[in-house]
Amino acid sequence: MLKKIQQVLRLVMLLGKQRQKGGAKPAGGLLVLVWTETEASAQSLNCAVATAGPWCAGIHLEALQRELTDVKESAFPAMWPCPQFDPEELRAFTDVYGHLRLLLSFQTRDETYLPPEWPAHAEAFFHTFTSANAGIETHLKVKSSQLTMQQVFRADISSKVVRTKPSLILDVTCRNRPPELLKKGLRCHGGHPVLGERLLLSIPPEAMDRGLFSELSVLPVTFLSPCTLQYPNLATRLTHIQVLVWGPSNVPVAVHSAFLQELPTHLDCEKLGLHGLHCSSTKDPMDGVGIVYTVEQDDWEDLKEESHPAVLQRLLLFLFLQNSDPFTFRFSDIMATEVLLERHLEDIVSYNRQAVVPSLQTEIKNALKLQTRRKKDREKLSTAAEVILSSSISIISCSTNVDFRKACLESMKVDDTHELATSLRDSLMRVISWKFVRRGKCYSLQKDEHLEQDNLTRVEI
């Protein structure tokens with residue numbers, strides 16, 4: 001069912017992109033209903049996709065019907081008209097987002113049930129979809145004999161990448177639990193995307209034989225999460241790199257590429273400042289439809305024992321496939337091209353490996369430049385801190401003034417110089433690590449609960 005919903009979303013997003021060229025904002029609502037009517041119809045699943053809001057306003061449904069007839073025959077061969085659904089489901093949706101702009105419904109008879117893992121995969125898919133379409137709020141409702149599910153996917157903080165056409169609106173909200181010392185302090189709740197260099201790709205002969213003819217390129221966007229720019233001396237540790245791929249319609253593509261899974265073996269980890277990198281063997285549905293690499297840690301046990309452990313970060317690498325073909329303008333042909341791109345993704349990246357590997361190496365390195373600089377600065381601070389501690393302990397230990405020594409122990413609430421050394425080190429590192437510096441491009445709030453009330457969009461690039 002997810003595959004078919006993905007195909008419908010491609011059509012919806014292509015229609016939305018047509019409107020964005022005319023100046024429409026990429027914002028609004030998307031409703032996805034999945035249901036079975038009665039026990040008699042348990043052998044089929046029904047689905048309806050509805051849109052509302054400025055991103056799809058102005059679509060002429062009469063003219064669209066002619067396109068849909070052709071599209072359904074070519075792109076949705078295993079779909080049938082579905083029975084009428086409860087109009088109350090639409091009424092609640094339109095009350096929030098306004099007049100209904102588009103409604104597509106279909107029935108699939110080749111699926112008899114929703115497997116137990118379907119909710120996790122659906123949640124991951126729509127969460128991934130929202131991450132690159134942050135202006136659209138997606139409502140997923142499932143009602144069947146096996147499953148009842150209702151969830152809303154929205155971005156709390158979005159960032160606009162303006163040097164793309166149309167502009168990308170990314171969800172940069174950091175939902176990780178903040179460190180204890182940051183709960184009542186200022187912190188950046190979002191990430192800061194870095195737009196990479198567009199890479200032109202050659203189409204392999206196998207894909208050409210299947211009818212893929214267009215100018216193909218990939219646009220990388222990276223960002224670290226959570227953001228720690230406001231705490232320049234805070235220890236950070238990169239734990240994962242996640243790669244997500246989007247098609248030209250801005251719908252996520254399921255990545256099963258052997259080349260991308262083996263990418264860590266082609267990267268120079270030493271130049272990236274990483275101890276090692278390998279593709280995660282376990283597939284967590286919440287990782288979405290992408291690939292996750294685990295960063296090897298050479299001192300993981302030491303990190304666990306630190307009194308102020310490093311903030312764990314994840315690097316997101318978005319790859320946006322873009323194609324241009326002046327001879328393809330019908331929706332059915334555009335969607336067929338995107339299906340071919342997904343089907344031949346492995347052939348395309350393998351065929352362009354000599355260009356793809358250096359490009360991804362450069363993008364990851366640029367994204368980690370700040371982290372590498374932070375690591376070097378922290379090493380200098382640690383060296384200076386040891387000198388300060390050694391000098392302080394020597395002064396106190398060698399002092400012949402009993403009152404002075406007693407005052408020092410009492411102020412640090414310790415009983416002897418051994419405990420004093422530990423307490424001083426802990427206090428000094430806390431002062432150094434959690435030094436706060438205001439940064440204009442970081443979005444901060446005094447209280448975390450404000451994040452749930454505000455839906456903010458900022459121009460990042």
Side-chain angles (χ1 to χ4, degrees), residues 1-2 4-20 24-42 44-65 67-69 71-72 76 79-108 111 114 118-119 122-123 125-127 129-130 133-156 158 169 171 251 452-455 457:
M1 174 59 78
L2 271 180
K4 295 178 176 62
I5 293 176
Q6 178 192 36
Q7 188 72 329
V8 174
L9 288 182
R10 282 176 177 153
L11 175 59
V12 172
M13 294 302 295
L14 286 171
L15 292 170
K17 280 196 170 186
Q18 293 288 333
R19 291 295 303 141
Q20 290 179 47
K25 295 181 179 180
L30 175 69
L31 174 64
V32 179
L33 297 174
V34 179
W35 80 98
T36 55
E37 274 200 323
T38 62
E39 292 297 328
S41 63
S44 61
L45 286 173
N46 305 309
C47 182
V49 178
T51 64
W55 69 296
C56 54
I59 296 176
H60 299 288
L61 296 182
E62 295 78 7
L64 181 61
Q65 290 301 324
E67 289 281 357
L68 290 180
T69 301
V71 169
K72 285 183 178 180
F76 310 132
M79 297 182 184
W80 293 265
C82 76
Q84 186 64 34
F85 51 85
D86 186 358
E88 290 296 327
E89 300 285 1
L90 282 182
R91 186 172 293 112
F93 178 68
T94 54
D95 285 346
V96 177
Y97 299 99
H99 182 66
L100 198 67
R101 300 296 183 181
L102 179 65
L103 176 62
L104 296 174
S105 57
F106 59 90
Q107 183 182 85
T108 59
E111 298 182 38
L114 295 175
W118 195 90
E123 182 179 353
F125 174 82
F126 284 105
H127 177 73
F129 174 80
T130 303
N133 299 281
I136 303 171
E137 295 185 359
T138 303
H139 295 247
L140 174 64
K141 294 184 180 181
V142 182
K143 293 182 179 180
S144 70
S145 57
Q146 302 92 14
L147 174 66
T148 299
M149 179 181 179
Q150 182 171 337
Q151 193 165 351
V152 179
F153 303 88
R154 61 166 59 93
D156 293 309
S158 55
I169 307 295
D171 178 10
V251 174
E452 301 175 0
Q453 302 170 5
D454 297 336
N455 190 327
T457 303

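The structure presented is a predicted model; accordingly, all values stated were derived computationally and were not measured.
Within the 4.5 Å cutoff, side-chain heavy atoms of I5 are placed close to those of F126. In this structure, Y97 and E137 have side chains that are in contact, with non-hydrogen atoms separated by less than 4.5 Å.
Within the model, atoms CG of L147 and CH2 of W35 stand 15.0 Å from one another, a figure rounded to the nearest 0.5 Å. Taking OG of S158 as the start and CD1 of I136 as the end, the distance is 11.5 Å to the nearest 0.5 Å. Put simply, NZ on K4 and CG on L2 are 10.5 Å apart, with the number rounded to the nearest 0.5 Å.
A pairwise comparison of heavy atoms in H127 and F153 identifies N-CD2, 3.8 Å as the closest pair. N133 and F129 make their closest contact through ND2-O, 2.9 Å (heavy atoms, listed as atom of the first residue, atom of the second, distance). Between I169 and G135, the shortest heavy-atom distance links the atoms CG2-N, 3.9 Å. The nearest pair of heavy atoms linking A52 to F93 is CB-CE2, 3.8 Å. For the pair V152 and H139, the tightest heavy-atom approach, listed with the atom from each and the gap, is CG2-ND1, 3.4 Å. For the pair R154 and D171, the tightest heavy-atom approach, listed with the atom from each and the gap, is O-OD2, 4.3 Å.
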Inset, instruction - Applying side chain to side chain contact (heavy atoms under 4.5 Å, CB included), run through L9 and L30 and close with a yes or a no. - result: CA-CA 9 Å; L9 288 182; L30 175 69; 3.5 Å; yes

Inset, instruction - List the steps and the verdict of side chain to side chain contact (heavy atoms under 4.5 Å, CB included) for L45 and T36. - result: CA-CA 6 Å; L45 286 173; T36 55; 3.5 Å; yes

Inset, instruction - Could you go through the side chain to side chain contact (heavy atoms under 4.5 Å, CB included) check for D95 and R91 one step at a time? - result: CA-CA 6 Å; D95 285 346; R91 186 172 293 112; 3.9 Å; yes

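A side chain to side chain contact (heavy atoms under 4.5 Å, CB included) with T51 is found for exactly one of L103, V12, L31, namely V12.
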